[in-house]
Amino acid sequence: MPPIISVKNLTKTYGNGFEALKGVDLDIERGEILALLGPNGAGKTTLISIVCGIVNPSGGTVMVGGHNVVQDFRQTRAMIGLVPQELTTDQFETVWNTVSFSRGVFGKKANPALIEKILRDLSLWTKKDNMLRELSGGMKRRVLIAKALSHEPEVLFLDEPTAGVDVNLRRDMWEVVKQLREQGVTIILTTHYIEEAEEIADRVGVINGGRLLLLEEKAALMKQLGRKQLTLDLTEPLAALPPSLGAFDLTLSEDGQKLMHEYSHNGSQDSISALLAALTAADIHFKDLSTRQSSLEDIFVALVEEKA
Ligand SMILES: Nc1ncnc2c1ncn2[C@@H]1O[C@H](COP(=O)(O)OP(=O)(O)OP(=O)(O)O)[C@@H](O)[C@H]1O
Ligand SMILES: [Mg+2]
């Protein structure tokens, strides 16, 4: 099957001359969940806004369901649900009306049963008659999600859906995302939290400086991301690594005082106990130990350096 979204050599230069996208190619398969990671200002929202037809591209093409997002704006937009990063809703409208009207905007027949299900799934049912200005920030975000789902889109964009929301909303949201995926909805989300990508995505893309630096199956990426480092502070400095430790992924610091061991975050316990046993056998002792896990920031830095 052809990809549901196909982005080719997409560029965006804003009116002030800023190049926010520098040639992005991206195919998104029907039914997949893609997480886009990237630091502030990477170009994630710009990319999403172009696919949704809110921002005009400067070059390249974007097709959604075989239609061009510029020429066939109405058709492509109707296929898409967008939960924007910024809260923009009429504060004096009720939750029920906001969500129901949104369905109407896309020319779909009223479906109160569906709206009720959406509101219940997002724990908004008890607030259905409240005006938006009477809701908390997290509840307003739920309304945006409900709104985006009201016209039963084939593709759902969630732009930083969990920035500043509590554990409950996260849980509700991932529940809804899982249900949608079972219905075959394609989901693209941006996030700064690697755990979110880890939990939900099939593929992960990393954007930085207007370029897609990496696009990979999550399983492959997590192997790379989940590296941990164990550092042992030795009681006596070592001149060199003894051959008996050759089987372990070890690095000795220049002063010979520290041994560093890299391992992956899953299934690592055996290798660590084997390492400690081998150290004891080699009569190498340590006075302290610490571990650190590569953070998203490390990963970005590593990626940016690697591809630069
Ligand atoms: N309307 C605009 N005019 C000029 N520059 C813009 C405009 N909108 C965005 N930019 C710039 O384009 C770059 C990418 O912005 P974008 O909002 O796409 O980033 P982002 O990856 O979504 O970041 P964040 O994680 O902070 O949401 C930024 O440097 C931003 O300042
Ligand atoms: Mg953004």
Side-chain angles (χ1 to χ4, degrees), residues 5 7-26 28 33-62 64 69-70 73 76-77 80-89 137-138 140-145 147-148 153 155-165 169-170 173 177 186-201 203-216 218 221 225 295-305 307-308:
I5 296 177
V7 175
K8 295 230 181 319
N9 196 23
L10 183 65
T11 58
K12 175 63 187 177
T13 306
Y14 279 109
N16 60 1
F18 188 85
E19 264 187 282
L21 294 177
K22 299 173 181 166
V24 171
D25 291 293
L26 173 63
I28 300 171
I33 301 186
L34 173 69
L36 286 175
L37 306 172
N40 291 134
K44 305 179 296 295
T45 298
T46 301
L47 173 61
I48 289 177
S49 303
I50 293 174
V51 179
C52 295
I54 297 167
V55 166
N56 276 322
S58 303
T61 53
V62 180
V64 177
V69 295
V70 178
F73 167 74
T76 58
R77 186 63 187 89
I80 297 173
L82 168 65
V83 179
Q85 185 170 12
E86 303 290 337
L87 300 167
T88 48
T89 34
K140 285 179 190 158
R141 197 156 280 281
R142 290 169 196 242
V143 174
L144 290 185
I145 297 169
K147 231 181 118 180
V155 179
L156 179 66
F157 283 96
L158 297 160
D159 197 358
E160 306 277 343
T162 53
V165 305
L169 175 50
R170 268 186 200 214
M173 210 166 58
V177 164
T186 308
I187 297 160
I188 298 98
L189 63 107
T190 71
T191 178
H192 291 111
Y193 306 111
I194 198 82
E195 321 87 76
E196 276 183 2
E198 185 171 5
E199 163 130 14
I200 208 89
R203 276 198 306 164
V204 175
V206 175
I207 299 194
N208 195 9
R211 291 183 208 281
L212 187 64
L213 295 179
L214 172 143
L215 182 64
E216 220 172 317
K218 178 185 65 185
L221 187 61
L225 297 186
S295 68
L296 192 51
E297 200 178 315
D298 296 339
I299 292 146
F300 283 132
V301 173
L303 270 173
V304 174
E305 281 175 353
K307 312 263 166 166

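In each ligand, atom 1 is the first atom listed, and ligand 1 is the first ligand listed. In this chain, residues are counted from 1 in sequence order.
- Atoms of ligand 1 found under 4.0 Å from any heavy atom of N16 (numbered from 1 in listed order, with element): 4 (C), 5 (N).
- Between T13 and E19, the side chains place no donor N or O within less than 3.5 Å of an acceptor N or O (distance only, hydrogens not considered).
- A side-chain N or O of Y14 and one of T46 form a donor-acceptor pair less than 3.5 Å apart.
- Put simply, no part of K12 is less than 4.0 Å from ligand 1, judged by heavy atoms.
- Between A20 and ligand 1, no pair of N/O atoms sits closer than 3.5 Å.
- Considering only non-hydrogen protein atoms, atom 14 (C) of ligand 1 sits nearest to G41 O, 3.3 Å.
- Among the atoms of T45, an N, O or S atom falls under 2.8 Å from the Mg ion (ligand 2).
- The Mg ion (ligand 2) has an N, O or S atom of Q85 closer than 2.8 Å.
- For atom 25 (O) of ligand 1, the closest non-hydrogen atom of the protein is K44 NZ, 2.7 Å.
- The protein heavy-atom contact nearest to atom 9 (C) of ligand 1 is Y14 CE1, 3.4 Å.
- Between the CZ atom of R141 and the CD atom of E160 there is a distance of 8.5 Å, given to the nearest 0.5 Å.
- Counting protein heavy atoms only, atom 26 (O) of ligand 1 is closest to N40 ND2, 2.8 Å.
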* To do: Take I80 and V64, measure what side chain to side chain contact (heavy atoms under 4.5 Å, CB included) needs, and give me the verdict at the end.
  => CA-CA 9 Å; I80 297 173; V64 177; 4.3 Å; yes

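- In the vicinity of E160, heavy-atom distances shorter than 4.0 Å reach the ligand 1 atoms 25 (O).
- F18 CE2, 4.6 Å is the protein heavy atom nearest to atom 30 (C) of ligand 1.
- Between V51 and I5 the shortest side-chain heavy-atom distance falls below 4.5 Å.
- Nearest residue to atom 18 (O) of ligand 1 from D159, L37, L36, T46 is T46 (criterion: closest heavy atom).
- Residue A42 has at least one N or O atom closer than 3.5 Å to an N or O atom of ligand 1.
- Atoms of ligand 1 lying under 4.0 Å from at least one heavy atom of T45, given by number and element, are 17 (O), 18 (O), 20 (P), 22 (O), 27 (O).
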